[in-house]
Amino acid sequence: MSDQPVILVPLDGMADALPALSVAKVFSGLEHAAVRILHVAEQASAAEELAPRLGLAAEDLRGASFETRSGEPAAAILAAAGDLHARLIVLCTHTAPGSPAGKVGGTALSVLRGASCPVILVNPAQPLQDWRLRKVLLPHEGTSAASDAVKPGVELARRADADLLVLLVAAPGPASPQARGSLTSPFYLDQPQHEWPAWAGEFMERLACICPLSDLRVRLLLARGSPASEILRVAREESVDLIILTWKGIWAPERAETLKAVVREAACPAMVVRVRAGGGSNSPRNSGAAGAPRAAPAAQ
Amino acid sequence: MSEPDGITVDQGLVLDTRAFDAAMFDLDGVVTRTATLHAATWRKLFDAFLRRRAETKGEAFRPFDVERDYRTYVDGKPRHEGIRSFLASRGVTLPEGKPDDRADRETVFGLGARKNQLFRQALGRSGVEVFESSLELIRRLREAGLKTAAVTSSKNAAAVIEAAGLADLFDACVDGVEAERQGLNGKPAPDTFVYAARLLGVDAKRAIGVEDAIAGVEAIRAAGYGLVVGVDRAGQAAVLRQHGATLVVRDLGELRIVPAAPAAPMGLPAAPSAAAGWLLVEEGFTLTREHELESIFAIGNGHLGSRGSLAEGSGMSSPATFVAGAFDAQPGPTPGLAILSDWAKLSMTIEGRPLRLDTGRTLRHRRMLDMRQGILWREWRHEDAAGRITRMRGLRLASQADRRLLIQSVAVTPENYSATASLDVPLDEMATRRLGDGGVIALAAASAIGEIGEIGDRSAASGRAPRPPMVLELELGKIYRLDRVVAVCTSRDQDQPEAAARSRAGRAINTGLSALITAHREAWRVRWEASDIAIDGDPAAQRALRFAVYHLLSAVDPDDDRVSIGARALTGAAYGGHVFWDTEIFMLPFYVLTWPEAARALLTYRHRTLPAARDKAAQHGERGAFYAWESADTGQDVTPPFVVAPNGEVIPILLADQEQHISADVAYGVWTYWRATRDEGFLLDVGAEILLETARFWAGRAKLESDGLRHIRGVVGPDEYHETVDDDAYTNVMAQWNLETGNAVARLLVERWPERWRVLSESLAMDAAEPLAWSAAARELYTGFDVRTGLFEQFQGYFGLEEIDLAAFEPRNAPIDVLLGRERIRQSKAIKQPDVVMLLHLLWDRFPPEVREANFRYYEPRCAHGSSLSPAIHAAVAARLGDVRLAERYFRQASDIDLGDNMGNAAAGVHAAALGGLWQAAVFGFAGLRFTEEGPEHQPNLPPQWRGVSLRFKWRGKDHELKLPDDSARIGAAPGVAP
């Protein structure tokens, strides 16, 4: 098996699935990865038969290879991703004709849930002609786990020499994350002329110590309001090409609302990365349990 | 009766650890305070049962007696045995039932299930208190090489140990669950203690058992243990002896261990404090928290301050050492404290592999701030990729005895290998920092390195270590220690700072670290004797207050009146070391009452910077003194003119021009000091001039207008959400007070020191009529007080602003002005921090009770606490008003500002003003300490869990001690306290 990384692009033959391929090709250039087009069907087909069936022109096939699998589509996609150690999965949010714009279909959702690599969701309604990666938006919740999760996306930005906008949205609602080492908007702004620079520097240092930011042009933005609205607003105003979204893996009603809204309404693809509990490369291996400084006696 | 082996009684109770290999401890009542929780739960269980039974049988209800019935029938026994025993005492027999009976079954097992249910509920609600002296003994025994175990009948031991954080104190735990699994009989049978000894692999004759229950001491004796220690918590010493205790104490802190653990653990020249409640401990390592911990663990002596950074560094390390008052140009528009070389930097390799937290495997990592001794400790066991285990212990301090010295000692032991090590210390001899104004700061290091034995301290001979990197051939099991002294001298104090530093470092290293540390510890002892505040019953509050006092003591130099304390003291670079009203209003009261010399020095700084304050007033077209909002070394205003917020907004900073109340704040600090000390020399040489010049400023600043009143327009009060306001209540009333006080001090000088008045008034071009006019000006000042409502309007037009229900935005993770935008907040009643409430706090007696109550109740819910200065003041005022519950909430909020571990507040330095405010909340708020012309009084409103408060303070040259609660309350002369 080749050591070249693989970017998996599931295509089902519907026209709305095709935009994923053009996005995948840009990523393949950045990752020096091969694009593997996956078609899930009852019977395997030869490449020359498959291409027209999938609506692919000859130039679409350059740099790509094919694979067909049978079975339930999402399971087959995840199995292929696992077998190929896919670096990314790039697929459209939905392909069925008449689907509401931006709605994440059943297959895409199942892939999202089961994938162990980042998943790029492409809304087929997005204008993606000549899509390039020039500016990346990274909404951040301030936890180490989130910093760890976004490393693949940040690396892509580095390879693309893209600008990176780190966005924190201050909103009423949840109290500060309880994870140690978290840093959200400053809770006290005694003297803004000192607090803002100190906070901005601290935030970026915490991010960079887990997710290196060297060789990147980075800006930190703080917005206020509904996280989804602010992410979309900034994405629109800054004309970003990719939004990196962290996700804890729950897609229940009233959960992942920000993710759903951004995927539904953003004018650019979204890279969804899973945040693992306890992630964050925050502690040295096998260290003692860390706790808040506590009063304790000591022995002579 | 002969003493059991291992006990020698000379003075007090001594335990010779050489005779023992292990110690087993009961949990409830010995290590944890769950006995009370258990007793209460048993009472709840049995009272409900007995009441039901009495109603059914038509009998009188006789409740469960916690003292007698618990101790006699239940304490120390397995749960079901306790149930049978107590019921039998009441002539009641219940069916046994089955082990899986539900909690509502009236069987022995059913009652047992119910009891467990009640206990776990109570545990979840209240957590676990521990006997700190017991933990201390366990640690000392383990340091002496003994193994330890918990032996308890409780089936909840795991939950209790977990909740109390005790897991690392025991090598084994034999609890009710294990006993059942092993088929062991419960106490007073010896089974569980025999089993514990077997688990630890020790001969019972070389084991110590510690119990507080009769059944427990019986069990230990029956197990054949070498020593049975009874802990008498219930006045039953004789009974415990009768049942087998060979040694009875009221508290395990009474025991003294011999031989004493090495004076230095692992060969360091000192040891951490053994007394409970003085160590702030961080176990493990969380990279992203490193900046906060560097601030929290900073060491300082008021002249030097140094962050608690890792010696070898890390991906987040931000080491910084500061000299108070040494400012230098910064990348921004204003100067900041110069950051010196990382004097403590030290890196080590073992056979070429670096010893770092991010390499190999960390087996244990612990840092401890020893607040009592002013020492930062570190313990670290590291295993490299080749399996070599290295133990490193270190200490670091900024000498409180010699403020020019920084001290570091590191002891290294190769636990399982011999190898070549390389030690690199970048600051090996001299580092010099040249400041933009031509000033020079010299750091000179002197080191000694050698191999030492396990006990004792053989400092290497004088002289420097070989030039780094130092190569050492480490031999398995031996201890190698590096002692370093760094002397810091500046051209402000020395003509030749480099020579002075070198000489000082050389003398110090020749003196030896033991002697230097002894002097340092003694200096801290003196400081704590004068400044400690002890809280019984609330460990979290005690920790927060000692943390506050530690940093306040570390921040000030009583011998240098050229400097003050910046907003983050000497613990971080944020705020550039700039001095605000924080010092006079939030920190100074602590120094006035516990370290007046330090308070004097801080106020003298304001006298030295009076020329700059006069200049600023003149620039604003006024006479007198208009102090800088942000001050560095010269007193000129160094407030940055703008800031770019992370949302891209450019925010002009108007505070330098508009936040004028600082002049009154400085005057208030002067008067507070004078009132508390009657230091005439200070008043005549320093204080009076400040009071007169600040009053003069207000006399001009408060303009008489057509309504016959004086108004102060276009200011910012403490509530910085509202700028360019007219007649801010705090500003105006403090100005009014300043005018009155200026007049009062002028009269005082005229009456008592006419010659001084003559000289001063001439120098100020002030005639006798001028202060008299201030009195009239004070009366004419508009204050915004409405006699009908009893409320102060915070500034003109405030009452017409939009009402915002701040509570509706809770919980939140951002300040309200970030959430709603500055403009919306500006047009609302939401305030950043206490303004009118601050007046109540500072001028309490100026307002009748109903005015205090009305204004606090009005403004408190409208305060968004956008400043760390806010919660503590609210705690103080709420406590004084008797609203203890609200006060506690604010007190906890203030306590968490630096010590909370999920907000990152302390990353750039501790919040010195918030720490001073916290102290004030405890002393003036909860303890209710106040002062009249007759002397100190107190009107406490203690939180219910504060079983006692004691503190010392100084008032007019006398030492006093306050001990609460009221039934033993006294303010009296403090015994044996050096002035």
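Letters go in sequence order (proteins before strands), and every chain restarts at 1. Since this is a predicted model, take the numbers as computed values, not measurements.
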Side chain, backbone, both or neither of [X] within contact of chain A (heavy atoms, under 4.5 Å):
{"X": "B/Leu819", "value": "both"}
{"X": "B/Thr639", "value": "side chain"}
{"X": "B/Leu655", "value": "side chain"}
{"X": "B/Trp380", "value": "neither"}
{"X": "B/Phe580", "value": "side chain"}
{"X": "B/Glu383", "value": "neither"}
{"X": "B/Pro652", "value": "neither"}
{"X": "B/Arg568", "value": "side chain"}

Provide the closest heavy-atom pair for [X] versus [Y] in the form atom of the first, atom of the second, distance.
{"X": "B/Asn813", "Y": "A/Thr184", "result": "O-OG1, 3.7 Å"}
{"X": "A/Phe187", "Y": "B/Ala814", "result": "CD1-N, 4.2 Å"}
{"X": "B/Gly315", "Y": "A/Cys209", "result": "O-CB, 4.2 Å"}
{"X": "B/Ala907", "Y": "A/Glu202", "result": "CB-CD, 3.4 Å"}
{"X": "B/Glu630", "Y": "A/His194", "result": "OE1-NE2, 2.6 Å"}

Which answer fits A/Ala223, side chain, backbone, both or neither, if we ask what part of it has an atom under 4.5 Å from a heavy atom of chain B? neither
Could you walk me through whether B/Val818 and A/Leu189 pass the side chain to side chain contact (heavy atoms under 4.5 Å, CB included) check? CA-CA 10 Å; B/Val818 171; A/Leu189 277 172; 3.8 Å; yes
Chi angles and distances behind the side chain to side chain contact (heavy atoms under 4.5 Å, CB included) call for A/Gln193, B/His578: CA-CA 12 Å; A/Gln193 65 273 24; B/His578 295 177; over 6 Å; no
Is any side-chain heavy atom of B/Ser870 closer than 4.5 Å to one of A/Tyr188? no
Heavy-atom pairs under 4.5 Å with chain A: which of B/Ser318, B/Ala808, B/Gly821 has the most? B/Gly821
Quick check: does any side chain N or O of B/Tyr575 sit under 3.5 Å from a backbone N or O of A/Gln191, one acting as donor and the other as acceptor? yes
Would you confirm whether A/Asp190, through its side chain, and B/Ser868, through its main-chain N or O, come within 3.5 Å as a donor-acceptor pair? yes
What distance separates A/Leu183 CG from B/Thr288 OG1, expressed to the nearest 0.5 Å? 9.0 Å
Does A/Arg206 pair with B/Glu290 as a salt bridge, N-O distance under 4.0 Å? no
For A/Arg255, does the CZ atom have more than 12 heavy-atom neighbours from other residues, nucleotides or ligands under 6.0 Å away? no
